[in-house]
Amino acid sequence: MAEVDHLAAERATARFDVEEMKVAWAGSRHAVHVADRMARLVASDPVFRKDNRTMLSRKELFKDTLRKAAHAWKRIVELRLTEEEADLLRQYVDQPGYVDLHWGMFVPAIKGQGTEEQQHKWLPLAYKFQIIGCYAQTELGHGSNVQGLETTATFDPKTDEFVIHSPTLTSSKWWPGGLGKASTHAVVYARLITEGKDYGIHGFIVQLRSLEDHSPLPGVTLGDIGGKFGSGAYNSMDNGVLRFDHVRIPRDQMLMRLSQVTREGKYVHSNVPKQLLYGTMVYVRQSIVADASKALSRAVCIAVRYSAVRKQFGSQDGGPETQVLNYKTQQSRLFPLLASAYAFRFVGDWLNWLYTDVTQKLEAKDFSTLQEAHACTAGLKAVTTSVTADAIEECRKLCGGHGYLNSSGLPELFAVYVPACTYEGDNVVLLLQVARILMKTVSQLASGKQPVGTMAYMGKVQYLMQCKSAVSSAEDWLNPDAIQEAFEARALRMAVNCAQNISQAASQEEGFYERSPDLLEAAVAHIQLIIVTKFIEKVHQEIPGHGVKEQLQALCNVYALYILHKHLGDFLATGCITPRQGALANEQLGKLYAQVRPNAVALVDAFNYTDHYLGSVLGRYDGDVYPALYEEAWKDPLNETVVPEGYHEYLRPLIKQQQLKLSRL
Ligand SMILES: CCCCCCCC/C=C\C/C=C/C(=O)SCCNC(=O)CCNC(=O)[C@H](O)C(C)(C)COP(=O)(O)OP(=O)(O)OC[C@H]1O[C@@H](n2cnc3c(N)ncnc32)[C@H](O)[C@@H]1OP(=O)(O)O
Ligand SMILES: Cc1cc2nc3c(=O)[nH]c(=O)nc-3n(C[C@H](O)[C@H](O)[C@H](O)COP(=O)(O)OP(=O)(O)OC[C@H]3O[C@@H](n4cnc5c(N)ncnc54)[C@H](O)[C@@H]3O)c2cc1C
């Protein structure tokens with residue numbers, strides 16, 4: 001704990017029990033303790049140092065990532081960490097690397113799409129790191145359109161093998177993390193061809209590199225795809241390129257849980273939906289939602305603490321200046337992001353529950369909730385990552401000039417985070433998937449089919465299409481029913497408007513294409529409704545700890561009313577609320593900000609992040625920002641010499657030349 005606490009006065013104003021809020025945030029007392037232990041284990045280990053990361057060359061950074069991954073594994077084995085502890089330890093190491101894809105996609109792909117026999121063979125090797133795997137789906141020419149992939153896997157009955165081939169330049173695998181330099185194996189997605197027929201995309205386990213000397217196997221061309229956005233950041237990851245020249249693999253390396261090819265070359269599809277092939281993506285999308293709250297809460301923690309320390313203006317007589325956190329504009333930009341961090345945390349927990357529930361049903365051959373899982377994971381992934389990426393950048397601006405320094409931690413956090421809007425499905429492409437499901441649901445309403453799950457509200461179509469909000473005072477907006485009704489009516493009316501417009505087009509497809517910008521907005525409205533609903537449900541639960549429930553209630557209202565204020569056009573255009581009710585919502589929002597203000601620092605303390613994990617001189621727990629900024633500057637390699645390299649080559653001759661010219665005048 002810090003010796004000087006510049007934020008002590010802020011912490012003293014909190015009107016709730018921070019320790020209990022930590023429990024509400026982490027999910028349980030056990031979760032707080034485990035996270036605490038793992039975070040401190042990482043923070044106290046010099047191998048996991050990360051303050052010099054943005055100053056390393058790409059090669060040094062990659063080697064540093066390999067070192068950290070190996071050291072993390074050593075500690076996991078030595079300390080016999082559980083799976084939960086190991087996951088947390090890796091999270092706190094906080095450096096993207098091949099292990100993310102190995103554990104996050106390679107292993108889940110084999111678990112989800114491999115037969116029991118295949119799992120028995122491959123998983124123990126992966127669990128002990130005897131092989132390192134990645135997920136090779138995207139190609140140079142095809143990412144979003146999975147059905148358009150070109151790599152082929154042609155069955156050869158003579159040898160009982162598949163021949164994996166990259167027929168064109170655009171079929172080169174391109175982007176897979178861990179592929180460029182680290183992986184020995186990949187789950188490769190390719191078009192299955194047998195008996196002269198193309199059966200579409202399937203997964204195959206392919207060995208890429210020798211287990212003796214790591215050199216690529218015959219017929220395999222491999223490399224890294226090059227530097228990426230920002231310094232440090234995602235450049236620790238070896239996103240790779242891969243080409244196959246008629247590489248042969250045994251037939252039993254096709255992942256055969258969903259469909260099989262027999263020894264004779266017959267294609268057999270089990271009686272399951274073909275979309276189960278996309279299962280690994282669904283799994284990762286749900287985990288990305290949980291990650292969004294982590295990235296967002298880190299940025300918000302930095303911006304809140306620094307805003308409490310930073311002072312500007314407001315002093316007439318040489319007295320202290322005003323903390324920038326006291327400016328209403330700072331609050332109106334920052335507190336909705338604080339509320340969003342909590343909102344994403346709780347919707348992430350719910351999504352994890354939904355995913356587990358759907359997985360259990362799938363195992364019992366009940367596929368009825370597959371569409372719900374797809375819509376929720378795709379939509380929530382899209383909305384939470386887009387909001388988080390924008391919010392990190394907003395937090396940088398909220399920290400003024402110092403936010404632009406690498407030592408603030410925000411530039412790197414942004415650069416690492418922003419590709420989440422693209423990977424695991426481009427956000428627009430994913431929202432259009434949600435919109436498609438919304439349109440299908442609207443079209444089924446007429447036939448009396450009752451929507452279920454998160455679409456159930458659409459069943460109240462008669463009421464929601466004509467209801468009028470009863471709000472008549474600012475306080476009325478604190479009623480969760482008023483909020484819920486306004487959000488449901490807005491989402492449904494936007495979806496119905498789109499459906500009506502599409503129905504006037506020459507064809508459904510043409511109408512969907514023409515109306516896709518409106519469909520995106522309808523999908524966002526539906527997803528925001530889910531987030532608001534899950535936050536309201538959370539606050540309705542019993543939540544122990546002095547003042548904890550009240551704070552969460554306030555944050556829930558901030559989140560909902562901020563969205564209402566920001567998207568006021570939607571609510572007005574659909575006639576869900578009147579301009580006066582919109583103004584009342586904004587009035588209430590201002591009151592809520594005042595309520596959050598004395599609790600702001602304690603609310604970010606509840607995230608329980610170590611200074612190591614935050615990686616920010618501005619977000620330090622003790623708020624002792626200026627000495628840290630000053631010290632950090634001297635660590636820059638440019639300051640290793642007083643006179644810079646290049647002085648004698650470029651600066652001195654220039655200055656001397658000018659002096660000579662002047663002396664001639
Ligand atoms: C804890 C571990 C965490 C580790 C995380 C590590 C992170 C490391 C960082 C980065 C890793 C990044 C990895 C990657 O990016 S991997 C590559 C990801 N690629 C994509 O996401 C591609 C996106 N494209 C698609 O998913 C699909 O092409 C599509 C959904 C856009 C379109 O699919 P298509 O087959 O063409 O289908 P249709 O649109 O015609 O739909 C048909 C039908 O299928 C339904 N459906 C589509 N997807 C799914 C699904 N996933 N699940 C269930 N159902 C699905 C769709 O709704 C249609 O249904 P219908 O109308 O009833 O027929
Ligand atoms: C950091 C990073 C890590 C990655 N890791 C992996 C990995 O491990 N394994 C792997 O297989 N892949 C990986 N990928 C690839 C990633 O999954 C794809 O980049 C992603 O799915 C987007 O596909 P794309 O690049 O083809 O984009 P495109 O689809 O080409 O998108 C370009 C633009 O077109 C728009 N667009 C596309 N289709 C439509 C449509 N139907 N309607 C309207 N607009 C559309 C998009 O919104 C976007 O604006 C990674 C990517 C990144 C950036």
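Counting starts at 1 for both ligands and their atoms, following the listed order. Because the structure is predicted, anything quoted here is derived from the model rather than measured.
Counting only heavy atoms of the protein, atom 19 (N) of ligand 1 lies nearest to Q137 NE2, 3.3 Å. Considering only non-hydrogen protein atoms, atom 4 (C) of ligand 1 sits nearest to G104 CA, 3.6 Å. In this structure, the protein non-hydrogen atom closest to atom 27 (O) of ligand 2 is S144 OG, 3.8 Å. For atom 38 (P) of ligand 1, the closest non-hydrogen atom of the protein is Q433 NE2, 4.3 Å.
Look at A420 and you'll find every heavy atom at least 4.0 Å from all atoms of ligand 1.
Between E424 and ligand 1, at least one N/O pair is under 3.5 Å apart. For a threshold of 3.5 Å applied to N or O pairs, the pair formed by R285 and ligand 1 contains at least one separation below that value. Polar contact check, Q137 against ligand 2: a nitrogen or oxygen pair lies under 3.5 Å apart. The shortest N or O to N or O distance between V284 and ligand 1 is not under 3.5 Å. Polar contact check, P419 against ligand 2: no nitrogen or oxygen pair lies under 3.5 Å apart. Residue contacts with ligand 1: Q275 is placed with a nitrogen or oxygen under 3.5 Å of a nitrogen or oxygen of the ligand (distance criterion only). Between Y423 and ligand 2, no N or O atom pair is found at a separation short of 3.5 Å. Considering backbone and side-chain atoms together, Y278 places an N or O closer than 3.5 Å to an N or O of ligand 1. Between G143 and ligand 2, an N or O atom pair is found at a separation short of 3.5 Å. Checked by distance only, ligand 1 and H374 come closer than 3.5 Å through their nitrogen or oxygen atoms. Distances between N or O atoms of S144 and those of ligand 1 include at least one value under 3.5 Å. The shortest N/O to N/O separation between T138 and ligand 1 does not fall below 3.5 Å.
Residues passing the side chain to side chain contact (heavy atoms under 4.5 Å, CB included) test with S516 are L432, sequence neighbours excluded.
Side-chain rings of Y135 and Y189 approach one another, their centers coming within less than 6.0 Å. Between F48 and H71, a ring centre-to-centre spacing shorter than 6.0 Å is recorded. Aromatic rings from F129 and H102 are positioned such that their centres are separated by under 6.0 Å. A centroid separation of 6.0 Å or more is found between the aromatic rings of Y234 and F229.
Cation-pi geometry between R436 and F512 is met: the NZ or CZ atom falls under 6.0 Å from the ring centre, inside 45° of the normal.
Residue V428 touches ligand 2 through its side chain alone, judged by heavy-atom distances below 4.0 Å. Here N427 has no heavy atoms under 4.0 Å from ligand 2, in either its backbone or its side chain. With a 4.0 Å cut-off on non-hydrogen atoms, Y189 does not touch ligand 2 at all. Heavy atoms of E424 found under 4.0 angstrom from ligand 2 belong exclusively to the backbone. Of the heavy atoms in N145, none comes closer than 4.0 Å to ligand 2.
Compare S287, A375, P108, P176 by their heavy atoms: the one nearest to atom 3 (C) of ligand 1 is in S287.
Less than 4.0 angstrom separates some heavy atom of M281 from each of these atoms of ligand 1: 18 (C), 19 (N), 20 (C), 21 (O), 22 (C), 26 (O).
Within a 6.0 Å radius of CD in Q508, other residues, nucleotides and ligands contribute 12 heavy atoms or fewer.
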